[in-house]
Chemist: 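What follows is a single structure, and I will ask about it in a moment.
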There are 2 protein chains.
Amino acid sequence: MAPQIRSNTANISDDIRDPRVRILSAAGQEFAERGYEAATVRDICTAAGVNLAAVNYYFGDKQRLYIESVKHAHEERIRQVPQPDWPSGTPAAEKLLGFVGNTLDRMLGTGQPPWQVRLMMREVLHPTEACRELVEDYIRPHFELLVSILDELAGGTLPGSELRRVALSIMGQCFLYRAAGDVVAMLVPADEIEACHTPRPIADHVTRFALAALGAGEPLARPGRRAAPAKESHR
Amino acid sequence: MAPQIRSNTANISDDIRDPRVRILSAAGQEFAERGYEAATVRDICTAAGVNLAAVNYYFGDKQRLYIESVKHAHEERIRQVPQPDWPSGTPAAEKLLGFVGNTLDRMLGTGQPPWQVRLMMREVLHPTEACRELVEDYIRPHFELLVSILDELAGGTLPGSELRRVALSIMGQCFLYRAAGDVVAMLVPADEIEACHTPRPIADHVTRFALAALGAGEPLARPGRRAAPAKESHR
DNA sequence: AATCGATTGAAACAGTTGTTTGATTTCCGC
DNA sequence: GCGGAAATCAAACAACTGTTTCAATCGATT
């Protein structure tokens, strides 16, 4: 009656035959493409090549299938794109460039972003139960790595709260291209998109922007006369 | 048979009675809250206090109702939050702070962001037909205003493509809090959220960050050299 | 080969969806 | 008040949804 529990260490060739992971994979793609409501278990089962009843047999209902498919997607993604690691002694600025490039590669991919990322993005934008685990296992480690790079970059002179704000500023810039890429493409001339808004140039820009802001690189511009030191908010 | 066309200049007291705008308003809130698929015309009609058939009578079908409700939402929003305007001679840095603060107010609102914004955000994240008009009428004017402020700030030394990249960097930082606010709240300690991640402090940070990057303000940190100036960090 | 539980399969179920129908009421110029 | 268009209403429709049922099949252990 109850489905047999499969070992987590089953090898890949098994996975392809295992209807459980076939369903998870098909479900992830459908959910990523159409969203939770618009995706139907019928389409998922057809894509997975299993019977309609298999979803309820293995996962109980659609909602639990969704949660499991998000989990499965981010576990797969962690295996695909490991955390970058640098030899000790690598300059912090170089680490930052590597980190931003890696983040953009993850988010945008070389070509079409993989469905795993699009599914995770849906979860970030409209969180459900599956979100917390996603944040703790996938997002937070990356975020903390960025914070540590920034700490090194600032020579330990900035408090944690400020480091986190700067980290969010950097993540936000990457995030915009992933979540609102279509709108960006409407705002910027088409030829400029191809030239300046692909992963590598974006990474260069975001890094230069951050380094300059932290005083660890040349400012992007040299306004003619020393601009009046922009008195802080006068509220 | 065909519904009568109402003048666009009908006054507000009329609007409240006009079933057309009652439906548009109810639909916008439902779509913003639940998304296109999950929102039902039955719930919309109940909320609007009209008969089920009214949607098809006035708008034809659900999809056209959605498009019209997005249009209606951003027209309303434009009326609510006019473009900021400064007397000539206002320092560019001050304009930037005002712009960022205004953008965050629009996106986050003082309390719960209005449904109009949440609906527009859905359209940005998962564009449909209604998106193009939204971009041209609502987003692009704001974007171009930011670009012009940045141009002034850089003293005309930066090319348009670079200005647009910086503008996107700034918008991205604001955008993160609106679109991924829940995840931000999971990444940052709760007390820090209340202290440092509300509209005003964010606006201060984003502005300082950008000014420093452009060389028009003090860097956030002084790595290697003397300790951080920590001048008026937060109050 | 027989057995028994795990798995698959086709079909049906009950509920909800967007949409349509056709009668009824309301409104307004005459 | 009358006539006819505009607007409203309750009811039904057909299609699709997630879920359940239960018999058929498979696969390993005896």
Side-chain angles (χ1 to χ4, degrees), chain A residues 1-8 10 13-70 128-130, chain B residues 1-8 10 13-70 128-130:
Chain A
M1 283 289 176
Q4 227 172 2
I5 324 150
R6 308 267 178 154
S7 130
N8 279 348
S13 68
D14 272 354
D15 279 2
I16 307 177
R17 303 189 185 283
D18 184 358
R20 225 187 111 87
V21 322
R22 285 230 309 280
I23 296 174
L24 280 176
S25 179
Q29 299 181 53
E30 285 291 320
F31 286 137
E33 189 64 33
R34 309 187 199 283
Y36 179 80
E37 306 288 344
T40 73
V41 309
R42 274 176 177 80
D43 288 347
I44 290 170
C45 290
T46 303
V50 302
N51 186 270
L52 175 59
V55 157
N56 296 77
Y57 181 72
Y58 285 105
F59 299 96
D61 57 18
K62 185 186 183 182
Q63 188 160 214
R64 266 173 290 183
L65 169 60
Y66 174 79
I67 294 176
E68 288 299 316
S69 75
V70 171
T128 70
E129 276 186 56
Chain B
M1 283 284 179
Q4 226 172 3
I5 322 150
R6 305 269 179 152
S7 131
N8 278 348
S13 68
D14 272 352
D15 281 2
I16 307 176
R17 304 189 186 282
D18 184 358
R20 223 188 114 88
V21 322
R22 284 229 311 280
I23 295 174
L24 280 175
S25 179
Q29 298 182 55
E30 285 291 320
F31 286 137
E33 190 65 32
R34 308 188 201 282
Y36 180 79
E37 307 287 344
T40 74
V41 309
R42 272 177 178 79
D43 287 347
I44 290 169
C45 289
T46 302
V50 303
N51 185 269
L52 175 58
V55 158
N56 296 77
Y57 181 72
Y58 285 106
F59 299 97
D61 57 18
K62 186 186 183 183
Q63 187 158 216
R64 265 173 290 182
L65 169 61
Y66 174 80
I67 293 176
E68 289 299 316
S69 76
V70 172
T128 70
E129 276 186 57

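Labels below follow one simple rule: chain letters A, B, ... track the order of the sequence lines, proteins then strands, and each chain is numbered from 1. FYI, side chains are in, hydrogens and waters are out, and symmetry mates aren't considered; it's all heavy atoms of this structure.
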Chemist: Taking the nucleotide of DNA chain C with the nearest heavy atom to each, does A:Arg42 or A:Val50 sit closer to the 5' end?
Modeler: A:Val50

Chemist: Counting just side-chain N and O atoms, does A:Tyr57 come under 4.0 Å of either OP1 or OP2 of D:dT19?
Modeler: no

Chemist: Do NZ/NE/NH1/NH2 and the carboxylate oxygens of A:Glu30 and A:Arg34 come within less than 4.0 Å?
Modeler: yes

Chemist: Atom CD1 of A:Ile44 to atom P of D:dT19: distance rounded to whole Å?
Modeler: 11 Å

Chemist: Specify the separation, in whole Å, of atom CD of B:Glu37 and atom C1' of D:dC16.
Modeler: 12 Å

Chemist: B:Asn51 side chain N/O closer than 4.0 Å to the phosphate oxygens (OP1, OP2) of D:dA10?
Modeler: yes

Chemist: Nearest whole angstrom, please: distance from the P of C:dG18 to the OH of B:Tyr36.
Modeler: 8 Å

Chemist: Taking only residues two or more places apart in sequence, or in another chain, which ones meet B:Glu33 in a side-chain hydrogen bond (donor to acceptor under 3.5 Å, both in side chains)?
Modeler: B:Arg118

Chemist: Can you list every salt bridge (Lys or Arg N to Asp or Glu O under 4.0 Å) pair that touches residues 38-55 of chain A, not counting sequence neighbours?
Modeler: none

Chemist: Would you mind reading off the distance between B:Asp61 atom CG and D:dA14 atom P, rounded to a whole angstrom?
Modeler: 20 Å

Chemist: State, yes or no, whether a side-chain contact exists between A:Leu24 and A:Glu68 at a heavy-atom distance under 4.5 Å.
Modeler: yes

Chemist: Between P on C:dT7 and CG on A:Asp18, what's the gap in Å once rounded to a whole number?
Modeler: 10 Å

Chemist: Nearest of C:dA12, C:dT8, C:dT20 to any side-chain atom of B:Ala53?
Modeler: C:dT20

Chemist: Round to the nearest Å and state the distance from B:Phe59 atom CZ to D:dA7 atom C1'.
Modeler: 14 Å

